[in-house]
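In what follows, a single structure is set out as structure tokens and then discussed.
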Amino acid sequence: MELEKKLIKILRNISILLQIKGENIFKASAYSNAADIIEAMQLDIAELVRNGKLGEIKGFGEALVKKITEFVETGKISFYEKLIQEVPIELVSITKIPGIGPKKTKTLFEQLGIKSIDDLENACLEGKVANIKGFSKTTQEIILNNIQHIKAWKGKKQQFACFQEANNINNLLKSAPGVIEHSIVGEMRRYSEIISNIHFLVSTTEPNKVAKFLQEKFNLKYNNNSVSFYTEEEVSVTINFTEPKNFVWQLHNFTGNKNYIEHFANLFQERTGNPFDFYQFPLENIILKREQQLFELLNIQYIPPELRENSLSIFKAKEWKIPVLIKEKDLRGMIHVHSNWSDGFNTIEQLAIAAKNLGFEYIVICDHSQTAKYANGLEPERVDQQHKEIDELNKKNLGIKILKGIESDILADGSLDYDENTLKKFDLVVASVHSHFKMTKSEMTRRLVYAIMSPYTHILGHPTGRLLLSRESYEVDIKEIIDAAADYGKIIEFNANPYRLDLPWEHLIYAKEKGVKISINPDSHDINSLTDIFYGVNFLRKGWLESSDVVNCLEHDEFVRFINSIGKS
DNA sequence: GCCGTTTTCGGCCCGACTGTTTTCAGTCG
């Protein structure tokens with residue numbers, strides 16, 4: 001997939017550069033659209049070029065086929081090479097700043113020669129941006145503010161975006177001379193949503209040998225007991241070395257975060273009478289073979305790595321009250337999936353069969369509602385047509401039940417996107433915010449509570465609206481939202497899209513406390529990302545959820561009964 | 001640039017918000 005990744009990036013760059021150049025927007029979109037298709041459908045580009053089948057895929061015309069063929073054969077696209085001579089490639093980074101699109105980027109470049117985010121920051125600080133026509137002091141301040149956000153996000157990645165690199169390093173350590181044992185630790189092992197450092201622990205008696213081996217692959221810094229370096233994707237990596245006798249001890253200590261370790265250290269001291277030492281296991285007569293032994297030694301329950309964030313897990317482990325956390329195989333229902341009726345790539349039948357093959361008993365299709373024009377949302381007439389298709393598919397007995405859902409926009413006033421007659425037709429309604437993000441906290445909270453109160457709402461979709469490392473949550477009192485869901489017996493979504501992971505795990509803990517049921521939903525737009533639901537389970541675990549907290553774990557008939565009971569009381 | 005076709009070029013992606021205008025261009029979902 002390396003080839004495709006490179007191509008996707010080039011196509012997206014072409015799209016942005018053409019827009020900066022002032023080309024027809026539809027021409028520019030053709031490139032980003034092609035990139036989206038390659039990504040969503042996981043196309044094997046080299047194979048398609050070889051059999052001459054690329055042109056048969058919708059969205060790939062003569063020009064794109066020619067350029068992509070050139071790319072497969074030479075690794076380059078001459079059109080692109082020429083384009084970046086005309087428009088500096090660095091300008092793409094400026095369009096990533098919220099509120100700055102291609103036109104403003106062009107103006108900034110032409111008038112002030114701004115090419116990079118650093119240039120732009122300096123120009124703002126010098127007050128030059130406010131002097132350009134079309135900009136103002138307020139805009140300048142907003143830009144500066146947004147640059148601060150982007151800088152704070154630099155060097156960080158979403159957890160899933162680090163899998164490949166962590167895996168590569170893992171494989172490398174497997175074959176490295178001198179490595180006795182090794183494990184991932186830190187944020188990755190805890191399943192943090194955002195990763196700032198990929199961290200490994202290596203058991204070895206010959207740290208120099210291991211370091212030398214790694215030195216051949218990476219440009220690294222070597223201190224006594226660790227090496228650090230950056231990957232090609234600019235993620236920081238640390239590898240700590242330890243003597244075999246301290247491996248399990250350090251595995252535990254490098255996994256927990258600071259707050260957890262502080263509380264663990266106190267407990268260790270209290271229960272063993274020995275001072276806590278981060279690197280050396282203080283009890284000389286015991287050799288730890290597994291982490292479990294450590295918890296047994298303190299006479300507390302085993303704490304899974306994803307819970308080692310703070311004192312809560314230690315407190316509960318002392319009381320032996322850590323629950324059996326949800327597992328992938330507990331899931332039975334696939335909820336909130338988009339088909340090609342709105343902005344998805346696959347037909348309902350393809351989605352249903354794919355979900356069945358992943359082991360699911362039922363799937364709830366939730367396309368966009370009518371206000372979401374940009375996503376080809378369904379007007380009431382198309383809702384009827386879609387329901388007819390679902391009825392027919394269900395008659396075919398595909399081996400999976402298909403339910404009629406909708407992802408209804410929550411309008412600015414908190415109402416849903418259809419009249420009652422239409423709303424009654426759905427088996428399930430996910431209500432989500434897709435517009436009017438900039439409201440005051442109290443206005444947004446009132447809006448969401450109003451949507452929760454609707455007798456037709458079953459699930460509140462992506463409750464905070466955050467996009468990891470690109471958009472903050474909108475202003476909302478999330479506790480009040482969870483309280484309202486508890487009061488009205490409504491479900492809250494955990495959106496398993498790897499860029500969302502919304503509701504955040506900290507709030508899942510509160511939702512569980514209040515008895516609110518959670519629905520884990522992939523919000524997928526193609527068959528490949530249905531598996532995001534499995535990725536999401538890790539974060540439900542991080543939020544202390546058990547299978548009994550999650551509606552997707554209900555078998556079909558129970559699920560339908562449960563859904564039907566909502567809003568009727 | 002792609003698509004679909006009354007096959008050779010017009011439509012495609014709409015509407016709301018924002019900030020800067022004084023009637024609208026640019027951005028975003």
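Chain identifiers are assigned alphabetically (A, B, ...) following the order of the sequence lines, protein sequences preceding nucleic acid strands; residue numbering begins at 1 within each chain.
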Quick one, A/Q158 and A/I195 - any side-chain contact, counting heavy atoms below 4.5 Å?
no
Looking across every strand, which nucleic acid part, if any, lies under 4.0 Å from A/N33 by heavy atom: base, sugar-phosphate, or nothing?
nothing
Hey, can you tell me if A/F160 and A/Y499 have their rings parallel, tilted or perpendicular (30° and 60° cut-offs)?
perpendicular
Flag side-chain contact, heavy atom, 4.5 Å: A/D343 against A/N376:
no
In whole Å, what separates the P atom of B/dG1 from that of B/dT6?
25 Å
Strictly under 4.0 angstrom, non-hydrogen atoms only: write out the protein contact profile of nucleotides 4-9 of chain B, one letter per nucleotide from the 5' end, B, S or -.
S-----
If you look at every strand shown and take non-hydrogen atoms under 4.0 Å, does A/S29 touch a base, only sugar-phosphate, or nothing?
base
C1' gap between B/dG26 and B/dT21, integer Å
13 Å
Starting from P on B/dC2, measure out to CG on A/L54 and report it in whole angstrom.
10 Å
Whole angstroms only, please: what is the CG-C1' distance between A/L11 and B/dC2?
14 Å
Provide, to the nearest angstrom, the distance between the CD1 atom belonging to A/I25 and the P atom belonging to B/dC13.
12 Å
Report the distance from atom CZ of A/F26 to atom P of B/dG10, rounded to the nearest whole Å.
14 Å
Roughly how far, to the nearest 0.5 Å, is the NE2 atom of A/H149 from the CD atom of A/E472?
4.0 Å
Toward the 5' end of DNA chain B, which comes first, A/A412 or A/T138, by nearest nucleotide?
A/A412
Anything under 30° is parallel, anything over 60° is perpendicular, the rest tilted; go ahead and classify A/F79 against A/Y31.
parallel
A/I14 CD1 to B/dG1 P: how many Å, rounded?
10 Å
Report the base-pairing partner of B/dC17 (Watson-Crick or G-U wobble, both distances below 3.5 angstrom), or none.
B/dG26
Looking only at atom P, what distance separates B/dC9 and B/dA16, rounded to whole Å?
35 Å
N/O (side chain, A/H436) to phosphate O (OP1/OP2, B/dA16) under 4.0 Å
no
Distance, C1' atom - from B/dC14 to B/dT8, rounded to whole angstrom:
28 Å
Salt bridge check: are A/K425 and A/D384 linked by an N-O gap of less than 4.0 Å?
yes
Can you classify the ring geometry of A/F539 versus A/Y191 as parallel (below 30°), tilted (30 to 60°) or perpendicular (above 60°)?
perpendicular
Regarding A/E62, tell me which of base, sugar-phosphate or nothing describes its non-hydrogen contacts under 4.0 Å with the strands shown.
sugar-phosphate
Can a salt bridge be assigned to the pair A/R466 and A/E193 using a cut-off of 4.0 Å between side-chain N and carboxylate O?
yes
Should the pair A/E475-A/K438 be classified as a salt bridge under the 4.0 Å nitrogen-to-oxygen rule?
no
Could you work out the separation of B/dG19 and B/dC13 based on their P atoms and round it to a whole Å?
29 Å
Same-atom distance (C1') from B/dT18 to B/dT23, integer angstrom:
15 Å
Report yes or no: does A/N495 contribute a side-chain atom to a donor-acceptor pair with the main-chain N or O of A/R500 at less than 3.5 Å?
no
Quick one, which residues of residues 64-72 of chain A touch DNA chain B with a heavy atom under 4.0 Å?
A/L64, A/K67
Between CG of A/N376 and P of B/dC12 the distance, given in whole Å, is 13 Å
CD of A/Q370 versus P of B/dC14: gap in Å, rounded?
16 Å
Reading nucleotides 23-29 of chain B 5' to 3', which nucleotides get B (base under 4.0 Å from a protein heavy atom), which S (sugar-phosphate only), which -?
---SSSB
Between B/dG11 (C1') and A/N24 (CG): distance, integer Å:
11 Å
Donor-acceptor pair, distance only, cut-off 3.5 Å: does the side chain of A/K404 make one with the backbone of A/V364?
no
Inter-nucleotide P distance (B/dG15, B/dT22), Å rounded:
26 Å
Distance to the ring centre below 6.0 angstrom and angle to the axis at most 45 degrees; does that hold for A/K104 and A/F135?
yes
Salt bridge A/K441-A/D477, side-chain N to carboxylate O under 4.0 Å
no
